[in-house]
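I have placed the structure first, in the form of C-alpha cells, so that the comments after it can refer back to it.
Here is the naming used below: chain letters follow the sequence lines, and residue numbers restart at 1 for every chain.
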4 protein chains.
Amino acid sequence: MAKGVNKVILLGNVGKDPEMRATQGGTVVANFTLATADRQKDQTGNWVDKTEWHNLIAFGRTAEIVRDYVKKGSQLYIEGKIQTRSWDDKESGQKKYRTEIIVNDMSLLGGRAGGEGGGQYSGGRSSGGYSQGGGNYGNTTSFDQRTPQNDFANEGITDDDIPF
Amino acid sequence: MAKGVNKVILLGNVGKDPEMRATQGGTVVANFTLATADRQKDQTGNWVDKTEWHNLIAFGRTAEIVRDYVKKGSQLYIEGKIQTRSWDDKESGQKKYRTEIIVNDMSLLGGRAGGEGGGQYSGGRSSGGYSQGGGNYGNTTSFDQRTPQNDFANEGITDDDIPF
Amino acid sequence: MAKGVNKVILLGNVGKDPEMRATQGGTVVANFTLATADRQKDQTGNWVDKTEWHNLIAFGRTAEIVRDYVKKGSQLYIEGKIQTRSWDDKESGQKKYRTEIIVNDMSLLGGRAGGEGGGQYSGGRSSGGYSQGGGNYGNTTSFDQRTPQNDFANEGITDDDIPF
Amino acid sequence: MAKGVNKVILLGNVGKDPEMRATQGGTVVANFTLATADRQKDQTGNWVDKTEWHNLIAFGRTAEIVRDYVKKGSQLYIEGKIQTRSWDDKESGQKKYRTEIIVNDMSLLGGRAGGEGGGQYSGGRSSGGYSQGGGNYGNTTSFDQRTPQNDFANEGITDDDIPF
DNA sequence: TTTT
DNA sequence: TTTT
C-alpha cells in the first residue's frame, strides 16, 4: 500500500521556551507549542479571532536547532505530520490520546523572538543528519538528560515512538 | 494580528461510513475517519508500514457531499485545518481533548469506494454555499436528526463549536 | 470531472514594489515577484544557495491589499495556484508562455519591509469580497488606470484571463 | 538567509507517456505533463471547467519509478517545487523561459492507468537514494540513452541544472 | 530584483 | 502559553 499523505503546514508563534529531553537511545527531543491565529465568523456573523494551539515535537538534528534558536515568541513556519499517540492513564485507567505534529521542516521567521538577537535557521530535509548517538551537550545546554528513560514515563512514550 | 496558517493535507482511505448529525441550528455535520499509510524505518532500520488515523469533521454543504458520496473505503484527498476541542468528562471529571481535522476541501479519488459505482466530487472552496437552514433530508437519508441538540452532548459540542 | 488539485505555497521576499493595473472591467490587478531561497547540493557536493524567482499576480481585494501593504523586501507567505498563459508574440511570431502564481491567500510576515512601519495583513479566503466594480481609487493611489484596457496588451491578457 | 519555501502540490492526470532521458553524468531524467482540472466562474457567472497543464521533471530514483509505473492517464499526487529555467533560443535569439515542477514526492492513485494493471508506488523522501551512476537499464527499458549528453541540447539543459 |  |  503506502500511498498516503499526511502533511501539516503551520505558521505561528511559539508559546513557551521548548522543553528538551532525550530518549533512552540518546536521541534529542524537543517539545513546544505553537499558536496559529485564525479569523472566523461567529454565529452573529462577526469576525472573531481564534487561536489554535498545537503540540509540536522534533527529533534529532531538528530538535537541536529548536534548542538553539527557538524560544517563546518565535515566529515559525513548520512542515510536519500529524501523529496521535495513546496510552493507558495509570491513575484513571482511562485511555488517553495526545495528538502532536512531528516537525520535519522549519523556518525561523523574522518575528520578535524573546531576546537578544535571534538566530536564523531554515531546516532542510534534515537529510540523513539525525544524530542518534546522543552527544556531549548534556552540560552545555539547559536540559537535564540524566534520566532520559524517564522523561516521558508519565505519558508512556518510548523509543518505539521515535519515527525513524 | 491574524497571520497564522493552519493547514492540513491528507490522502488516504475512509475507515467507516460517515456518521451524520446536525446541530441545534440545523447545520449538517459529518464525522468520519481517514487512514493515511506511512512507511518509516524502525529501530533496526527496516521499513515498516504504519497507519495513522485521523478524525475528520465536515459541516454544511461539505457534510452533505460526504453523506452522498463518501463511504467506507473511499480514497480521499482532503484539505483542512487542525482543531482541538476540550471538555470536562462527566464521569471521570477529567479534562478531555479531541483533535479533529475540519474539512475545507475534498476530492474523491478513483479508489474502490465500498459499493455500487462511487460518486465523483471535488469540493471547491464551498464558497458561501453552506446550507445552514437544515433541510428536508431527514427521512430520505440514513441519519436521524430528531434530537440533533443531543448528538454531541457526551463530548460537549455545541453550536459554538461550528467554525462559521 | 474536476478532481484536480493545483496548489502552491511560497515563503520569500518581494523583489520590487508591486505594479498595479486594472482590467477593462475595473478589477484591480497586482503584479509582483517573490524570491524563494533554496539550499541545494552542487555537483561537488557543496551546499550552495539558489534563489528562485516567481511571478505573482493578485486580483480584486487581494490586489488592493498588496497595493497597500506589500513593497520591495516584504517577507510574504503565499498560497495560490499555478497558471500558464500563452500568446503569440507580435514581433517574432513565436508562441510565448508565462507562468504565474495566482495569489489566493497571503500573510505578511515580520520581515523588514522597505519603510516606515509596515502594515500587517493576513488574507483570508477573500470570501466573496472581490470588488469587481472598480472604485474611485484612481487618484488616491499610485497607479494610473485611465487606459486599463491597454495594460496587458503586449502580452495579450484580457478580462477573460481573470480567474473569477 | 535560506528561509524560503517553494512547494507545489498537484493532483491530476498524466497527459502522455513520460519521456525518459539521461544527463551526461548518467542521471535518469523523466519528463511528463500533468493536467489539473479546475472549476471556476467565468464573467457571466457560470461554472466552467478549465484544465491547467504542468511540466513535470523527475530525477534519479524518482525518475526510474516514473519510468516503471507512470503512463498516459495515470492519476498522480505530486509534491515538488517550481523552477524556471531560461536559455537563449538559437534561432530567434530571444530569451526563452520554461517553468517546471521538480518532483520530490509522488503517489500513484487508483486512476485508470493506461494499461495492464498499474503499479502502485508512493515515493518517500527519496532520502539519499538517488542513483546517480546510471545503471544497466539501458536496454531493458523503452528509452534510448546512447547520446544522453545531447538530450536537452536544444533547450540548454546541462548537468548544472540537476538540483542535487 | 529580494533576503540573511 | 504566543502574536498584533
Worksheet item: Counting only N and O atoms by type, is there a donor-acceptor contact under 3.5 Å from the side chain of S92(D) to the main-chain atoms of Q94(D)?
Response: yes

Discussion item. If the condition is side-chain contact (heavy atoms from CB on, under 4.5 Å), which residues does A30(A) pass it with, not counting sequence neighbours?
Written reply: M20(A), A58(A), A63(A), V66(A)

Worksheet item: Between K71(C) (NZ) and dT3(E) (P), how many Å, whole number?
Response: 13 Å

Worksheet entry | For atom CZ of F32(A) and atom P of dT1(F), their distance in whole Å | 19 Å

Item to complete: Could you check which of dT2(F), dT2(E), dT1(E) has an atom nearest any side-chain atom of T51(A)?
Response: dT2(F)

Item to complete: Rounded off to whole Å, could you give me the OH-to-P distance for the Y77(A) and dT2(F) pair?
Response: 25 Å

Item to complete: Measure the distance from CG on L11(A) to P on dT3(F) and round it to the nearest whole Å.
Response: 14 Å

Fill in: Selection from dT3(E), dT1(F), dT1(E) that lies nearest to any side-chain heavy atom of K16(A)
dT1(F)

Worksheet item: Nearest-Å distance, CG (D17(C)) to P (dT2(E))?
Response: 11 Å

Practice prompt. For W53(A) and dT2(F), say yes or no: do the ring centres fall under 5.5 Å of each other while the ring planes differ by less than 30°?
Written response: no

Worksheet item: Starting at CG of L76(C) and ending at C1' of dT2(E), how long is that distance when rounded to a whole Å?
Response: 11 Å

Practice prompt. For Q75(C) and dT1(E), give me the distance from atom CD to atom P, rounded to whole Å.
Written response: 21 Å

Worksheet item: Short question: side chain of D89(D), backbone of K96(D) - any donor-acceptor pair under 3.5 Å?
Response: no

Item to complete: Check the distance between dT3(E)'s C1' and D49(C)'s CG and give it to me in whole angstrom.
Response: 10 Å

Response to the item:
A35(A) has its side chain closest, among dT2(E), dT1(F), dT2(F), to dT2(F)

Worksheet item: Do I82(C) and H54(D) touch side chain to side chain, with heavy atoms closer than 4.5 Å?
Response: yes

